[in-house]
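Basis for what follows: all heavy atoms, side chains included, without hydrogens, waters or symmetry-related copies.
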Amino acid sequence: KNATVTIASDDPCGNENPVTIALTGYGVPALPPYLLLAKQKIEIDAQTNLEGDIRSNDEVGIKKGKPSTYTSTIWAVDEIEIEKDNAIVGNLRAANISLQSGVTVSGTQTHTAAPAYAFPSMSYSAGSTSITVPSNGSYTLAPGAYKEVKVESGGTLYLSTGVYSMKKLEVKKNGEVAIDITNGTVRCNVVEKITFDKETEVSISPLGANGTSWVTFNSLGGVSIDKDSRILGNINALYEKVQIKKDVSYKGAISAKEIS
């Protein structure tokens with residue numbers, strides 16, 4: 001984004017010329033309304049801290065904390081169940097609310113079903129050319145339509161501003177998807193599943209974790225993130241499950257059929 005600022009003096013005795021300053025920076029795309037949003041169950045296991053609202057058209061379950069703090073308003077149609085050693089800084093609303101001993105809630109608890117969230121539809125098509133990044137190699141992929149895109153172990157796939165359509169996205173152990181948002185947002189539309197194996201990474205330049213809202217992964221076939229991975233970007237998988245294994249570092253918002 002570009003802008004200019006002009007500074008002028010209103011001193012009647014002064015003779016200063018106005019000063020014009022050119023500014024260059026990054027706008028911020030609109031943030032998703034919920035950190036976690038699901039058609040069915042949301043199950044959260046042993047997060048240390050989590051900030052952002054949570055909503056399910058079914059139920060929300062939060063496992064035993066570390067202890068853990070959730071700065072979240074949590075809504076569910078059916079049930080909210082929270083195990084011990086969790087603190088909720090926000091409000092709860094569901095037909096049934098079950099809290100184990102030791103759970104604290106700073107806000108209100110409303111024992112009425114939350115209204116169901118109306119999810120949009122998703123539809124994508126893929127191309128006919130498959131791309132494979134070799135082990136410990138790299139490949140720069142232009143926006144466009146592709147078949148299967150695979151990053152072998154230790155490889156790096158470079159993406160840049162634009163829209164990518166593909167049948168499948170698979171990143172093997174120690175692989176990386178490096179995304180450049182210098183000229184705008186990046187969206188990956190995947191017809192089948194997105195798979196991030198162990199110790200994989202999605203990085204964003206030049207903003208790092210602050211550029212999360214500029215990157216979106218859409219999948220019709222679900223998303224799997226294996227342990228010890230570091231993933232940035234929003235994820236939408238409205239017809240299938242998003243599964244995140246232990247010790248994953250993730251920043252972004254997730255909308256899915258089910259989240260665990």
Side-chain angles (χ1 to χ4, degrees), residues 31-120 122 193-196 198 212 217-231 233-260:
L31 298 175
Y34 297 96
L35 181 67
L36 301 176
L37 175 64
K39 293 180 177 180
Q40 297 181 5
K41 185 175 183 178
I42 297 174
E43 186 172 82
I44 305 171
D45 189 3
Q47 294 293 316
T48 302
N49 294 295
L50 187 149
E51 297 184 9
D53 293 342
I54 301 168
R55 185 170 180 175
S56 169
N57 282 359
D58 186 11
E59 59 183 283
V60 175
I62 300 178
K63 298 294 186 179
K64 181 180 180 297
K66 290 188 173 181
S68 308
T69 299
Y70 294 80
T71 305
S72 310
T73 287
I74 304 174
W75 278 18
V77 173
D78 185 15
E79 182 177 21
I80 296 172
E81 184 176 4
I82 304 176
E83 296 182 5
K84 64 182 180 179
D85 294 332
N86 286 300
I88 309 299
V89 182
N91 304 322
L92 305 180
R93 179 177 175 178
N96 300 290
I97 299 175
S98 175
L99 307 177
Q100 287 190 356
S101 177
V103 173
T104 62
V105 179
S106 68
T108 60
Q109 299 181 44
T110 303
H111 294 257
T112 304
Y117 185 87
F119 285 84
M122 297 171 61
K193 192 170 185 179
I194 299 174
T195 303
F196 294 103
K198 298 176 183 178
T212 295
F217 293 95
N218 295 317
S219 173
L220 302 181
V223 179
S224 174
I225 304 174
D226 213 336
K227 65 180 184 179
D228 297 319
S229 294
R230 300 169 300 280
I231 308 298
N234 298 326
I235 295 173
N236 297 312
L238 303 186
Y239 305 118
E240 294 293 342
K241 183 176 184 177
V242 172
Q243 185 174 32
I244 301 177
K245 300 291 183 67
K246 66 179 182 179
D247 299 323
V248 167
S249 173
Y250 172 76
K251 184 176 181 180
I254 300 175
S255 297
K257 181 179 180 180
E258 184 178 348
I259 302 170
S260 67

Begin from the C-alpha positions of Glu51 and Leu35 and carry the test side-chain contact (heavy atoms from CB on, under 4.5 Å) through to its verdict. CA-CA 8 Å; Glu51 297 184 9; Leu35 181 67; 5.9 Å; no
Going by distance alone, is a donor N or O of one side chain under 3.5 Å from an acceptor N or O of the other, for Tyr34 and Arg55? yes
Test salt bridge (Lys or Arg N to Asp or Glu O under 4.0 Å) on Asp85 and Lys64 and set out the steps. CA-CA 6 Å; Asp85 294 332; Lys64 181 180 180 297; 3.1 Å; yes
Mind checking whether Lys41 and Glu59 have side chains closer than 4.5 Å, heavy atoms only? yes
So CD of Gln243 and CG of Asp226: to nearest 0.5 Å the spacing works out to 8.5 Å
Minimum side-chain heavy-atom gap Ser224-Lys193 below 4.5 Å: yes
Measure across Ile97 and His111 and return the closest heavy-atom pair with its distance rounded to 0.1 Å. CB-CE1, 3.6 Å
Just wondering, do Pro33 and Tyr117 contact through their side chains at under 4.5 Å, heavy atoms? yes
Heavy-atom side-chain contact between Ile82 and Leu92 under 4.5 Å: yes
Say whether, by atom type as modelled, one donor and one acceptor occur between the side chain of Glu240 and the main chain of Gly221 under 3.5 angstrom. no
Can you see which heavy atom on Ala113 is nearest to which on Arg93, and at what distance? O-NH2, 3.2 Å
So do Ile225 and Ile235 actually touch side chain to side chain, heavy atoms under 4.5 Å? yes
Heavy-atom closest pair, residues Ala87 and Thr104: CB-OG1, 3.3 Å
Taking everything shown except Gln109 itself, do over 12 heavy atoms lie less than 6.0 Å from its CD? yes
Smallest heavy-atom separation, Ser106 atom then Gly90 atom, equals OG-N, 3.3 Å
Below 4.5 Å, heavy atoms only, C-beta onward: do Lys198 and Asp228 meet side chain to side chain? no
To the nearest 0.5 Å, what is the distance between NZ on Lys241 and OG on Ser219? 14.0 Å
Over all heavy atoms of both residues, which pair between Asn234 and Ala253 is shortest? Give the atoms and the distance, please. OD1-N, 2.9 Å
Measuring from Lys245:NZ to Asp45:CG, what's the distance to the nearest 0.5 Å? 12.5 Å
Distance-minimising heavy-atom pair for Ala237 and Val242: CB-CG2, 3.8 Å
Check whether any side-chain heavy atom of Leu220 lies under 4.5 Å from a side-chain heavy atom of Met122, and answer yes or no. yes
If I take atom CD1 from residue Ile42 and atom CD1 from residue Ile62, how far apart are they, to the nearest 0.5 angstrom? 9.0 Å
To the nearest 0.5 Å, what is the distance between NZ (Lys246) and NZ (Lys227)? 5.0 Å
Ile44 and Ile54: side-chain contact (heavy atoms from CB on, under 4.5 Å), yes or no, with the steps? CA-CA 11 Å; Ile44 305 171; Ile54 301 168; 3.8 Å; yes
After noting the C-alpha distance and the side-chain angles of Val223 and Ile254, does the key distance pass the side-chain contact (heavy atoms from CB on, under 4.5 Å) rule? CA-CA 10 Å; Val223 179; Ile254 300 175; over 6 Å; no
Donor-acceptor pairs under 3.5 Å, side chain of residues 65-80 to any protein atom, not counting sequence neighbours: which ones?
unit_1: Ser68; atom_1: OG; unit_2: Gln47; atom_2: O; d: 2.2
unit_1: Ser68; atom_1: OG; unit_2: Lys66; atom_2: N; d: 3.0
unit_1: Ser72; atom_1: OG; unit_2: Gly52; atom_2: O; d: 2.7

Return yes if some donor-acceptor pair links the side-chain N/O of Thr112 with the main-chain N/O of Ala95 below 3.5 Å, else return no. no
From NZ (Lys63) to OG (Ser260), nearest 0.5 Å: 10.5 Å
